[in-house]
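First up is the structure itself, then whatever we jot down about it.
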Amino acid sequence: MGGWAIAVHGGAGVDPNLPAERQKQAKELLTRCLNIGISALRSSLPAIDVVELVVRELESDPLFNSGRGSALTANGTVEMEASIMDGDGRRCGAVSGISTVKNPISLARLIMDKSPHSYLGFSGAEEFAKQQGVEMVDNEYFITEDNVGMLKLAKEANTILFDYRIPLTGLDSCASSVESPIRMNGLPISVYAPETVGCVVVDGQGRCAAATSTGGLMNKMTGRIGDSPLIGAGTYAGELCGVSCTGEGEAIIRGTLARDVAAVMEYKELGLQEAVDFVIKKRLDNGFAGLIAVSSKGEVAYGFNCNGMFRGCATEDGFMDVGIW
């Protein structure tokens, strides 16, 4: 075994003009989450427990797009989704359309551990949450003033805003009359920078786990489901690795991105970073995305094909890195 390793992300696709203060806040949050994970791993907590613990922290902070601070639907509400997977036995749990569960990732964990199913959505997931006694809050808890303002801008521009925290200045390029070079499923979009969160871990026993959580897209259609709750697309963990993806959900779904990292490691016998690079280069077509990954050998890797990804990683031998660009 190569020791434990952990990686976290706060989304791929970053506004190149992101204010320095916003960059500082993001790095501080990623560092805090890494330190929480490192402490847990040093206490011999299993990988599956560590990824849940770290993603709960990310969901509880409004900085990124998950839990509190989630992007708003076209109706001005929050519909969250999350998934978690234990590489030890490939057990998994996922949720979609969550609107009153404070920590969607923990509900996904309960579905994995306490239900006969792998995936529950909308009213069925909410009912299961009540049965399990998880902490519930009003939908207003997740809604921030910034997001209300960005939804207004998205509606005025008649578009989906991917980076719902782009500074309010310079948004005239979001006008619907401006042709965007970036497209989703063939349709032009104005801004690309989703901020899904995720964590991947390999513990000291070589067990891998992955977890991903998001509020989705600003001004998305009610009922839209992205890659984050889809096992094999946004999240995957098995004997060889754990992977969490972020970016253009529709492209990630088409490429089954997370599972493909494990597949090329197994079938092409690529190393972890080689597998990540191959998948980012060969499986995204015209889409934009990024991912973080760990291997059962204690390796950590990441990759993205856009201008940046909020990320951090650490290994048992003392290596630690937090970056955006």
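Given the structure is predicted, the values throughout are model-derived calculations rather than measurements.
Taking the charged nitrogens against the carboxylate oxygens, Asp61 and Arg32 do have a contact shorter than 4.0 Å, which makes a salt bridge. Ion pairing of Asp49 with Arg109 is present here, as a side-chain N (NZ or NE/NH1/NH2) and a carboxylate O approach within less than 4.0 Å.
Residue Val300 shares its hydrophobic cluster (ILVMFWY side chains chained together at separations under 4.5 Å) with Val200, Val202, Ile292, Val294, Tyr302, Phe304, Met309.
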Report the C-alpha distance between Glu239 and Ser296 in whole Å, list the side-chain angles of each, state the deciding distance to 0.1 Å, and finish with yes or no for side-chain hydrogen bond (donor to acceptor under 3.5 Å, both in side chains). CA-CA 7 Å; Glu239 295 177 355; Ser296 58; over 6 Å; no

Is there a side-chain hydrogen bond (donor to acceptor under 3.5 Å, both in side chains) between Ser228 and Thr214 once you walk through the steps? CA-CA 7 Å; Ser228 296; Thr214 190; 4.6 Å; no

Could you go through Asp113 and Arg91, starting from their C-alpha distance and side-chain angles, then the distance that decides it, and tell me whether this counts as salt bridge (charged side-chain N to carboxylate O under 4.0 Å, His left out)? CA-CA 9 Å; Asp113 289 341; Arg91 301 182 308 124; 2.9 Å; yes

Assess the residue pair Val322 and Glu28 against the criterion (side chain to side chain contact (heavy atoms under 4.5 Å, CB included)); give the C-alpha distance rounded to whole Å, side-chain angles, the decisive distance to 0.1 Å, and a yes or no. CA-CA 9 Å; Val322 175; Glu28 287 174 349; over 6 Å; no

Give the intermediate values and the outcome of salt bridge (charged side-chain N to carboxylate O under 4.0 Å, His left out) for residues Lys281 and Asp277. CA-CA 6 Å; Lys281 184 177 180 180; Asp277 293 342; over 6 Å; no

List the steps and the verdict of side-chain hydrogen bond (donor to acceptor under 3.5 Å, both in side chains) for Asp317 and Thr315. CA-CA 5 Å; Asp317 61 11; Thr315 57; 2.5 Å; yes

Audit row: Arg311, Asp321, salt bridge (charged side-chain N to carboxylate O under 4.0 Å, His left out) steps and yes/no: CA-CA 8 Å; Arg311 64 193 185 276; Asp321 181 63; 5.0 Å; no

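No continuous path of hydrophobic side-chain contacts links Leu230 to Val95 [ILVMFWY only; heavy atoms under 4.5 Å]. The cluster map of Ile, Leu, Val, Met, Phe, Trp and Tyr, joined by side-chain heavy atoms under 4.5 Å apart, puts Val279 and Ile253 in different clusters. No chain of hydrophobic side-chain contacts below 4.5 Å, direct or via other Ile, Leu, Val, Met, Phe, Trp or Tyr residues, connects Tyr236 to Ile225. A continuous path of ILVMFWY side-chain contacts below 4.5 Å connects Ile48 to Val54, so both sit in one hydrophobic cluster. Under the 4.5 Å side-chain contact rule for hydrophobic residues, Ile6 and Met85 do not share a cluster.
Residues Thr212 and Cys245 form no side-chain contact, since every pair of their non-hydrogen atoms from C-beta on lies 4.5 Å or further apart. At least one side-chain heavy atom of Phe278 sits under 4.5 Å from a side-chain heavy atom of Arg283.
Counted by atom type alone, Ser96 and Tyr119 present one or more donor-acceptor pairs between their side chains at under 3.5 Å. For Glu79 and Thr222, the side-chain atoms include no donor-acceptor pair closer than 3.5 Å.
A donor-acceptor pair under 3.5 Å links the side-chain atoms of Glu126 to the main chain of Ser99, judged by distance alone.
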